[in-house]
Amino acid sequence: MSISVVIPVCNERDNILPLYQAIVRSLEPLGEAWEIVFVDDGSVDGSQAQLENIAAVDRRVRIIELRRNYGQTAAIQAGLGEATGDVVVMLDGDLQNDPADIPMMLAKLAEGYDVVHGWRKDRQDAWLNRRLPSLIANRIISRATGFPVHDLGCTLKAIRREIAQELELYGEMHRFIPILAHWHGARCVEVVTQHHPRRFGETKYGIGRTPRVLLDLITVKFMLDYLTSPMKLFGMMGLTCGAAGLLSGLATLLMKIVGGVDMTGNPLLLLTALCAMIGMQFLSLGLIGEVCVRIYYSRDRHKNYAVRRRVNFDEETIRFRRVG
C-alpha cells in the first residue's frame, strides 16, 4: 500500500517543518512507500521557500504552487489530482490535526472501508465562533442528507485513490467529501482523532463561512437526490403550482356563479395566473435540466454508476473467450 499525504498550505511558514517531521515519524515505521504533496495556495509569508528547502532534502516531498489563493477546496482538488499513492491521506497544514492518527486510519481502511474521516471529539478551538457554528452545521447537514456524521469539518481523512479521483470538488465541497464518496458507493466510517490548539499563525476559518457551507449543502442535497433526474424535483414543483392554480381558478368560478363576486377584482384570479406561470417555469427548468444531464453523461462517456471491482476482465481471459 503506497501512501500520498495531501496538505493544503496557506501562510503556514512556522508550521510546515514541524508538520513534515511529525508525518515522517508517523509513516516511517509502516515500511510502506509514501510521498507528501504540499499544495501552496497562494502563500505570501515565505511558506513556499520553506517547502522548497524541505523538498531539496527529501525527494518524497512534492510541491504544487498555485498562482493565487483559490481556497482549500481547490487546493485539495489539485493535490488529489497529482497524488500517486494507493491511499490518499488529507490533513490541514496548521498542526491541529495529528499525523500520529494516520496509522490508525490506514488500519481502518485495511478492514475494508474506502473512506475513513476524522471526528475531533475533543476539539481545541474557540467555542462561540468555531465549535458552535460547526456543531449546528453538522446537525443540519446530517439531518438533510441522512448521512450520520459528527464532524464534517475535520480535514484529516484517508481515502482510496480510485474513490478520490471520482470526486469533483468546488466551492466549499471539501467538507462534504465523505457524503460525496458515499454517494459514489464508498464504504465510509468515522473515527475519533486527536486535535491540538493552533500554535503558530492565524486561522482562516470563522463564523462567516457558515452561509457558504449551507448554500453548498443545498447543492449537495440536489446532487444526491436529483442529479440524474432533475425533472423529479422541478416537475413535482411545477405540478404542485399547477394544482394550486387549478384550485384557485375553480374557487374563482364558484364565487362568481354562487355569490356573484366580480372575477376581475378577485385576488384568486391573479393567484391562478401566477401559479400557472410559475408551474410552467418549473416544468421548463426540469426539461432543461434533463437535457443538461443527458449532455453531461454522453460527453466524455460519463457514467451514472461506479464499479467497485472487476473479475476475469484481464486481456488473456477476454482473448480466451473470443477464441472459445
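Model, not experiment: these values are computed from the prediction. When reading the values below, keep in mind they use all heavy atoms of this one structure, side chains included, and skip hydrogens, waters and symmetry mates.
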Audit row: Met223, Trp183, side-chain contact (heavy atoms from CB on, under 4.5 Å) steps and yes/no | CA-CA 9 Å; Met223 292 172 61; Trp183 180 50; 4.1 Å; yes
Given Met173 and Thr219, is the side-chain contact (heavy atoms from CB on, under 4.5 Å) satisfied, shown in steps?
-> CA-CA 9 Å; Met173 292 289 187; Thr219 303; 3.5 Å; yes
Hey, any chance [X] and [Y] share a hydrophobic cluster, counting ILVMFWY side chains that come within less than 4.5 Å of each other, even indirectly?
X      : Y      : result
Met280 : Leu239 : no
Leu30  : Ile23  : yes
Leu156 : Val24  : yes
Leu17  : Leu95  : yes
Leu283 : Leu246 : no

Heavy-atom neighbours of Tyr70 OH exceed 12 at 6.0 Å =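 Enclosed.
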Spacing of [atom1] belonging to [X] relative to [atom2] belonging to [Y], to within rounding of 0.5 Å:
X      : Y      : atom1 : atom2 : answer
Arg161 : Glu166 : CZ    : CD    : 12.0 Å
Leu271 : Leu247 : CG    : CG    : 10.0 Å
Asp151 : Thr193 : CG    : OG1   : 7.0 Å
Asp86  : Trp34  : CG    : CH2   : 16.0 Å
Leu180 : Ile163 : CG    : CD1   : 11.5 Å
Met231 : Met237 : CE    : CE    : 12.5 Å

What closest approach, in Å, do [X] and [Y] show between heavy atoms, and which atom pair accounts for it?
X      : Y      : value
Lys232 : Tyr226 : CB-CD2, 4.1 Å
Met104 : Val192 : CE-O, 3.7 Å
Asp114 : Ala186 : OD2-CA, 3.5 Å
Ile179 : Ile141 : CD1-CG2, 3.6 Å
Asn97  : Cys154 : ND2-SG, 4.0 Å
Ala100 : Ser26  : CA-OG, 4.1 Å

A side-chain contact here means heavy atoms from C-beta on lying under 4.5 Å apart; do [X] and [Y] qualify?
X      : Y      : answer
Leu80  : Met90  : yes
Pro178 : Lys157 : yes
Ile64  : Glu82  : yes
Phe176 : Leu217 : yes
Val89  : Met105 : no
Val87  : Ser2   : no
Gln72  : Asp92  : yes
Val61  : Glu35  : no

Asp98/His196 under side-chain hydrogen bond (donor to acceptor under 3.5 Å, both in side chains): CA gap, chis, key distance, verdict = CA-CA 7 Å; Asp98 197 330; His196 303 291; 2.8 Å; yes
Using modelled atom types only, decide if a donor and an acceptor are shared between the side chain of Ser47 and the backbone of Arg13 within a distance under 3.5 Å.
->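 Checked: pair present.
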Look at the side chain of Arg160 and the backbone N and O of Tyr113, then say whether any donor-acceptor pair between them is shorter than 3.5 Å.
->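 Present.
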Go through Asp14 and Asp45 one step at a time and tell me if the side-chain contact (heavy atoms from CB on, under 4.5 Å) criterion holds.
-> CA-CA 10 Å; Asp14 296 329; Asp45 69 337; over 6 Å; no
Taking atom types as modelled and ignoring hydrogens, do the side chains of Ser43 and Glu12 form a donor-acceptor contact shorter than 3.5 angstrom?
->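 No, no side-chain donor-acceptor contact under 3.5 Å.
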Among Arg139, Lys121, Glu190, find the one that has a side-chain hydrogen bond (donor to acceptor under 3.5 Å, both in side chains) with His150.
->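 Going through the options one by one, the only one that passes is Glu190.
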When the ring planes of Phe234 and Phe282 are compared, do they come out parallel, tilted or perpendicular, using 30° and 60° as the limits?
->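 If you compare the ring of Phe234 with that of Phe282, the planes turn out parallel.
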Partner of Pro8 by side-chain contact (heavy atoms from CB on, under 4.5 Å), out of Ile76, Asp40, Leu91, Val37 =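 Passing option: Ile76.
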Output, in order, the C-alpha distance, side-chain angles, deciding distance and verdict of side-chain hydrogen bond (donor to acceptor under 3.5 Å, both in side chains) for Asp41 and Asn69.
-> CA-CA 5 Å; Asp41 187 24; Asn69 179 256; 2.9 Å; yes
Side chain to side chain donor-acceptor pair (under 3.5 Å) contacts in which one or both residues fall within residues 242-260, not counting sequence neighbours =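 Those involving residues 242-260 are Ser248-Thr272.
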Check step by step if side-chain contact (heavy atoms from CB on, under 4.5 Å) holds for Leu169 and Ile177.
-> CA-CA 8 Å; Leu169 306 178; Ile177 285 177; 3.9 Å; yes
